[in-house]
**Q** 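Got a structure for you, written out below as structure tokens; questions coming shortly.
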Amino acid sequence: MTLRRSLFQKYLSVLTAMICGTLLLASIAQTALSLREQRKRADALLITEARLASVQIQSFLSAIVGSMTWVLDYDQPGMQPSLAEIRDDGHRLLRKVPALTQLRYVGADGCVRLDVSRVATDREGSCAHLPLAVDEKLLLAEARRRRLAYGPVQFRDGSEPTMTIAMAARGAQGGVLLAQVDLRQIHATVTGIQVGSTGYAYIVDRDGQLIAHPDQIQVLRRLDLRNSPAVSAARRSGPARGTTLTRDIGGQYVLSAASTVTGPGWWVFARQPAREAFSPIFASLWLTLLVIVVAMLGAVGASYFLAQRMTRPILAVRAGAEKMGAGALHTRIAVSTGDEVELLANEFNRMASALGDSYAELEDKVRRRTHDLELAGTLLRQQAEQLAGLNAELSVRLDELAIRRDEAERASAAKTRFLAAASHDLLQPMHAVGLLVGVLRQRIRYPEVSALVMKVEAAVQGMETLFSSLLDISKLDSQAVQVDLQVVDIQKLFDFIELNYQPIAQEKGLTLRIVRCRYAVRTDPALLERIIGNLVSNAIRYTERGAVLLGCRREGDGIRLMVYDTGIGIPAQFQDHIFEEFYQIDARGRPHGNGLGLGLSIVRRSAALLGMPLTLSSRVGAGSAFAISMPVVRNDTPRAALHALADDGRNYLRGAFIVIVDDDAQACGAIEELLRRTGCHVVAGTSLAAVRHALDSHLRTPDLIVTDMRLGPEETGLHVIAGLRSDCEQEIPALIVTGETHRLAPQDLPGKCQLVRKPVGPARLFMLCSQILGRPSTAKTADPALPLQ
Amino acid sequence: MLDLQGDHGVSQPVRRALLAAAALGLVAPAAGSSPRHIACLSSPAGDSSTMSAFRTGLERIDPELAARVRFSEAFANFDAARLKQFAARLNEQQPDLILCFDFDAAQAVVATRGARAVPLVFRAHDDPLARGLIGSYARPGRNLTGITTYRCLDDKLVEIMRDTAPSARQIGFIHDGAIPDSGCNASAHDYARRHGIALRDLSVSTPRELTALLDRLGGKPVQALVVGATAVTWSMRKQLIARVNELAIPAIYEGQVFVDDGGLMQFSALRDDTFDRLARAVVHVLRRGGAGDFPVSQPMRFELVINMQARHARQYRLSAQLLRRADRILE
């Protein structure tokens, strides 16, 4: 056997897959958790940076606000503030706090009393001289409410951001200090805020205008960042707890976090390139990947080592087993793993040892048996020689037997051929004798002669029956009978049997009881009619008292037709012989030579031909029962018609114009005489030419043509029918009477034509002619009858 | 989305590494690493300190760019015709950038521009918006940008001088009357009038005029002096300070250089970041272009400096309030 995959490869792949898979899954899970945690950390760090930046901006403003209190120290409750002192301290404040560019002191009446500026001239005066803008008045009012208020960011010259801070004095009637802050001074603070190594912070005011950025040029451009993703997100949802990941104009991802500056309501954004913000994550990922790769390499190595350790003893066992299998039973497997493999090796060793012993013992036995066999062989050779002699003798006998069998078969065939050939030649005169006796009986006027003629007629009928049976046997044996399967209504068959055999039974004082049967079967109606007729006839013949019963019984998909009688019964030892030809038993149940003894032979041959099992049960003195089984068909299947026997119909033939053609002049004359006596007008001849000649003097078209089949070397009944029909230009009904044994297929016959086999007695002739002519009622013969055999 | 990265996107170590790699030839010279030509133009005579200060600022802001910049300089020596001639020639030469160190030079370059405007960066002690050089400070346009050290300080200077010498009723104001006044000098006169001071207009536009003024200054009843920063006063400051000290007249100047050269006091924008701002504008234009979109920056911090080492400084009996206002006192 070829290894599809070695054990080592299996172990290696399984162990590697298990270890690597576990490592991979664990690493993925741990990495996912770690990434999540580190992302949170990065977000938290950036948020913290933003808050820290916010605190720094807050500190920047707090320093300004804190310094403003110096100036307001001159405005104490109940005291008139000194403008000169305020101015002096204002200038000091402007010097100390470079971000301040202008200070205005507003008295309790809401008028600017003093304006101290870094670059503009100082001014003192009344409300009219130093007016306040509307938004400054609002800021003033807010400062009086809250003590401190931050104005909106404004851009001087459209470029430089400034803001006004208003601070109220402590007293309720005190003044308010308005300080203008140059927000460009925040630049140093913003630049000092470092977010990571490359990140930075920037500030937008409450309206989304950029007011501080490490690149001050951006501020001077007065950029509106309201629509930037980070600013709009912060303005929309307030100080974000998380971060915003966006892309800058260079396509670089940046992470932003926002925090508010309380007071002015600014937003401080800490912004860091995502690559840097997530650098710990990337580092962690690379480290994890490295660890996974190293671990997997280690896993592969460990798997290799383990697989080798596991398979080495197994391979040793396999090698040892191969050697043992090759016959080296002295081989011993050396495995010392201390586990099941070692036990297996020991078992192999033990088995090899036992096999070695058995092998030695077997060799000894083989030697002894070989010796015995040699002796037996010698004896066998002697017996074989004797057997060969017997075989030669048997072959001679078998050859003789074959010769005998061939002779028997040839004899049987010769018999069959003889019967077939003889039947025609015998039937032809028999047919003529029967017809002539019928003519004779019609002419007899004297009763004593009539009785004698009737005996002659009975003897002729016996001969006809004998010949007919012999012919049937001959045809069945020579396989000349072709089965014509049709659907047959059993009840019609029974009616036919009752019609034919009831008179015979009554004549013998027996009761013929027919039980109704509603089934139909597919079979050859003529053969089945012959089987049942012979069985009923046989039952009547061998029953002296009592009754004969004919019936059917359903058995599964078929039926069984049964003929019971209360006759003499058949002894068991004769039951196998009664189906043989010419075998009969007497009233005491013994064989005798009277009668034909062909009925049951025909029954058995016909049943065998139809494939119907035939059974017999009989008890001596009690009677016999014959049964034949066959399958049934559905009731709605079209049925074949059976010819019903009626009277001979001679009365209905009166006046019919019938043409007779038969090359046997005697038979021709007898038929002509019979039909004339029934009142028919008959034209008879031995050939077509003869009847044509006779018909020349007739104006009437014949009603029926009765012709023999074989009329001469080159003429048949078919020629006669065709010729006369052609002459008369009508399809004249025809009856062909033939002594031929071969059967003519129905499709070979012309229309309105029937074929009957000789001998045909007068009664049957009258009946057939009457049926063909459709009398007494033509309506009953609208459908042609089946061709008779 | 707005790119808020700016120049801060490249860290200093990375920049140094890039420079080193470029120096060693490890980095192939790209389109942006070719030599650049900056043509400098000044209305007055040559001043090495100005050029040196600018180069220092440029090297600090962008050393890599500074290393491959070639400078050419042109000085008109207050000759307006020559200035225009230089400006036209520079426009024809099509350098990478024209750098003007004063407003007149910038105006001359703009006036002589051809179809293809060379980017212009200027330093001006004038209000470029009021004088129509730029469209706005945030977006100057016209492919030019720059910085201004100007702030209308005329009235403030008069105010400080009033605080310095409260008894002075005749104060002279030296300035350049040829420069159109956008109201700044008028406000000084207005202030003086409101406070009972006769502010005498001592306008000089040429060195000769200044020399003549200094000659006749002793004969005028001027008790204090305010000296504005003009091209003439700037270039002749030493003669001016010497003459003022000689006359023992308290004077306030507009510019640190005047105090450095012995003047009593000055009030002006801080000069420290001037050249840094100028260098940043130049770097931006050379690196990214779009001069017209780069904001013109204005001075942010102002400084009052009192030079107690100046001649006669102690005789002027400066008030404590004034001394407290001073950002620096040089002793």
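Keep in mind it's a predicted model, so treat the numbers as computed, not measured. Every chain is numbered from 1, with letters handed out A, B, ... down the list of sequences.
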**Q** Nearest heavy-atom pair of B/D293 and A/R221: which atoms, and what distance?
**A**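 Heavy atoms only, the tightest pair is O-NE, 2.9 Å.
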
**Q** Measuring heavy-atom distances to chain A, does B/A326 have an atom under 4.5 Å in its side chain, in its backbone, in both, or in neither?
**A** backbone

**Q** For A/Y253, I'd like to know if atom OH has over 12 heavy atoms of other residues, nucleotides or ligands within 6.0 Å.
**A**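 Counting neighbours around OH of A/Y253, 12 or fewer heavy atoms of other residues, nucleotides or ligands fall under 6.0 Å, so no.
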
**Q** What residue, out of B/Q298, B/R277, B/Q321, has the most heavy-atom pairs lying under 4.5 Å from chain A?
**A**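 Counting heavy-atom pairs under 4.5 Å, the top option is B/Q298.
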
**Q** Given A/R118 and B/R301, is the side chain to side chain contact (heavy atoms under 4.5 Å, CB included) satisfied, shown in steps?
**A** CA-CA 9 Å; A/R118 185 84 181 155; B/R301 296 184 63 180; over 6 Å; no

**Q** With a 4.5 Å cut-off on heavy-atom pairs, point out which of A/R87, A/H91, A/Q185 contacts chain B the most.
**A**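 When all of A/R87, A/H91, A/Q185 are compared, A/H91 has the most.
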
**Q** Is B/R280 salt-bridged to A/D215, cutoff N-O under 4.0 Å?
**A**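 Here B/R280 does not pair with A/D215 in a salt bridge, since their nearest N and O are not under 4.0 Å apart.
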
**Q** If you count the non-hydrogen atoms of other residues, nucleotides and ligands that lie under 6.0 Å from CZ in A/R275, is the total more than 12?
**A** no

**Q** Which pair of heavy atoms, one from A/G158 and one from B/A138, lies closest together, and at what distance?
**A** O-CB, 3.5 Å

**Q** May I ask you to decide if A/A120's main-chain N or O and B/K156's side chain share a donor-acceptor pair within less than 3.5 Å?
**A** yes

**Q** So which of A/R123, A/K96, A/R156 has the largest heavy-atom pair count under 4.5 angstrom toward chain B?
**A**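 Greatest number of close heavy-atom pairs with chain B: A/R156.
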
**Q** Is chain A contacted by the side chain of B/R324, its backbone, both, or neither, given a heavy-atom distance below 4.5 Å?
**A** both

**Q** Hey, what do you get for CG (B/D163) to CG (A/D88), rounding to the nearest 0.5 Å?
**A**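 Answer for the CG-CG pair, B/D163 versus A/D88, is 10.0 Å.
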
**Q** What part of B/S136 gets within 4.5 angstrom of chain A, counting heavy atoms only: side chain, backbone, both, or neither?
**A** neither

**Q** Heavy-atom pairs under 4.5 Å with chain B - which of A/T121, A/T101, A/D157, A/D182 has more of them than the others?
**A** A/T121

**Q** At their closest point, which heavy atom of B/Y191 faces which heavy atom of A/D122, and how far apart are they?
**A** CE1-O, 4.4 Å

**Q** I'd like to know if the side chain of A/R184 reaches the main chain of B/P299, judged simply by a donor and an acceptor atom lying under 3.5 Å from each other, with no hydrogens or angles considered.
**A**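 Yes, the answer is positive, given that a donor and an acceptor are paired below the 3.5 Å cut-off.
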
**Q** B/R325 side chain to A/R95 main-chain N or O, any donor-acceptor pair under 3.5 Å?
**A** no

**Q** Give the minimum heavy-atom separation between A/L220 and B/P295, together with the two atoms involved.
**A** CB-CB, 3.5 Å

